[in-house]
Protein chains: 2
Amino acid sequence: MQKRPPRQPLSQQQVTDLLTGHDIQPTQQRLEIAQVLFARDQHLSADDVLKQVNQDTARASKATVYNTLGLFAAKGLIREVIVDPSRVFYDPNTCEHHHFYNVDTGELMDIDADRLALMNLPAPPTGTVADGVDVIIRIRNQATA
Amino acid sequence: MQKRPPRQPLSQQQVTDLLTGHDIQPTQQRLEIAQVLFARDQHLSADDVLKQVNQDTARASKATVYNTLGLFAAKGLIREVIVDPSRVFYDPNTCEHHHFYNVDTGELMDIDADRLALMNLPAPPTGTVADGVDVIIRIRNQATA
DNA sequence: CCAGTTTTTAGACAAAGTCCAGATCACGCG
DNA sequence: CGCGTGATCTGGACTTTGTCTAAAAACTGG
Ligand SMILES: [Mn+2]
Ligand SMILES: [Mn+2]
Ligand SMILES: [Zn+2]
Ligand SMILES: [Zn+2]
């Protein structure tokens, strides 16, 4: 529910702290990948990250990118967004928030949590505990009459 | 918001009417597939449908199953549920409703729309129109302390 | 420096889904 | 009926996303 400042590129030190603060060993590849993810508020696929990490000299393999994104998500540093059947998006914004998903363009936009209230959240079935709530508002481009 | 009766296996005639009522030519394969989908309230993957359709004599190819599920969804006869990055689920229940998704088991359960209120739905960005709202409550199995 | 552990990597592999071109089917008409 | 035509179906090749493996490389702490 807390407000989050607009994202801005992070210094090497800031990224390192981000990782260590989440119990993640800051290796060269992980720093590169985090740098890309946290450069700005955005929703990137694994392949997007792979391409961006490897477009200049520094490199990380496909396996490392997938492993790292999974690790970051498991450690709560980033969030997986499952909205498109063909690929997972990774979201540097872990504050509670929701999404518009444009099914025509594939564009994904944040909705601040305080702009949308959920009432009467039903309790999880016995034997299970809630892990998170995703609200996705699917939108399409207005038909040009 | 309307109540929906518990699902029960449909007669050949009922399935045919269901398809024609949605502007879908009732072919042998489409009837088979609809029969499987509407047999009861459930969430099936394309592969589930393929297996069920082909377990007894009657057959439909993989291409036909995928095409047909896509067609049914496009015509509003069934609903796609995107919740698991590895496969799409198809839902015969097109009444407005939401889902529990057990990330441990992969189980998907309905939540009646009137059990959960959404307030202040934000308006879609200009140039776009809302297409639907998905609410997914991710749950996991309670840790056995 | 060494030994042990963690991380990275190339490339093989798997699974879901799409595409294609030819075969089949459905249906209206003479 | 028997045709012609468009819609549908099909096997199988293909693509894309993601996983796995076993070996190389990099770190770590002593
Ligand atoms: Mn990807
Ligand atoms: Mn499937
Ligand atoms: Zn987001
Ligand atoms: Zn459902």
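Below, chain A is the first sequence line, B the second, and so on; all start at residue 1.
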Participant: B:Gln29 has a side chain; which of D:dG18, D:dC9, C:dA16 sits nearest to it?
Facilitator: D:dC9

Participant: For A:Leu19 and D:dC27, give me the distance from atom CG to atom P, rounded to whole Å.
Facilitator: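 Taking atom P of D:dC27 as the reference, CG of A:Leu19 is at 14 Å.
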
Participant: I want to check one thing: is the phosphate of C:dT9, taken as OP1 and OP2, less than 4.0 Å away from some side-chain N or O of A:Ser61?
Facilitator: yes

Participant: Evaluate B:His43 against B:Asp91 for side chain to side chain donor-acceptor pair (under 3.5 Å), listing each step before the verdict.
Facilitator: CA-CA 5 Å; B:His43 304 90; B:Asp91 193 337; 3.0 Å; yes

Participant: Should B:Tyr66 be listed as having a side-chain N or O under 4.0 Å from OP1 or OP2 of C:dT18?
Facilitator: no

Participant: When hydrophobic residues are tied together by side-chain contacts of less than 4.5 Å, even through go-betweens, does B:Ile111 share a cluster with A:Ile137?
Facilitator: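 Yes, B:Ile111 and A:Ile137 fall within the same hydrophobic cluster.
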
Participant: For the side chain of A:Thr64, starting at C-beta, report the closest nucleotide among C:dT8, C:dG11, D:dT10.
Facilitator: C:dT8

Participant: To the nearest Å, give me how far apart CG (B:Leu50) and P (D:dT10) are.
Facilitator: 10 Å

Participant: If you check every side-chain atom of B:Ala63, which of D:dT10, D:dG18, C:dT8 has the closest atom?
Facilitator: D:dT10

Participant: Nearest nucleotide by nearest heavy atom, which residue falls closer to the 5' end of DNA chain D, B:Val65 or A:Gln25?
Facilitator: B:Val65

Participant: Figure out the NZ/P separation between B:Lys51 and C:dA16, and round it to whole Å.
Facilitator: 8 Å

Participant: Nearest whole Å is fine: how far is C:dT6 P from A:Gln28 CD?
Facilitator: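 Whole-Å distance recorded here is 21 Å.
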
Participant: Could you tell me whether A:Thr27 contacts a base, only the sugar-phosphate backbone, or nothing, with contacts defined as non-hydrogen atoms closer than 4.0 Å?
Facilitator: sugar-phosphate

Participant: So that I can tick it off, tell me whether B:Arg115 and B:Asp110 are bridged by a salt bridge, with the cut-off set at under 4.0 angstrom between side-chain N and carboxylate O.
Facilitator: no

Participant: Got a second to check how far A:Glu96's CD is from A:Asp114's CG, nearest 0.5 Å?
Facilitator: 9.5 Å

Participant: Would you say a side-chain N or O of A:Arg59 is under 4.0 Å from OP1 or OP2 of C:dT8?
Facilitator: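 No.
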
Participant: In whole angstroms, how far is the C1' atom of C:dA16 from the CD atom of B:Glu80?
Facilitator: 13 Å

Participant: To the nearest Å, give me how far apart CG (B:Asp84) and P (D:dT19) are.
Facilitator: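 Distance, rounded to whole Å: 11 Å.
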
Participant: To the nearest angstrom, how far is B:Lys62 atom NZ from C:dA15 atom C1'?
Facilitator: 9 Å

Participant: Below 4.0 angstrom, N of the basic side chain to O of the carboxylate: do B:Asp84 and B:Arg87 qualify?
Facilitator: yes

Participant: I need the CG-C1' distance between A:Asn67 and D:dT17, as an integer number of Å.
Facilitator: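 Rounding to the nearest Å, CG of A:Asn67 and C1' of D:dT17 are 14 Å apart.
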
Participant: Please determine, for the side chain of A:Arg30, which listed nucleotide (C:dT7, D:dT10, D:dT17) has the closest atom?
Facilitator: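 Output: C:dT7.
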
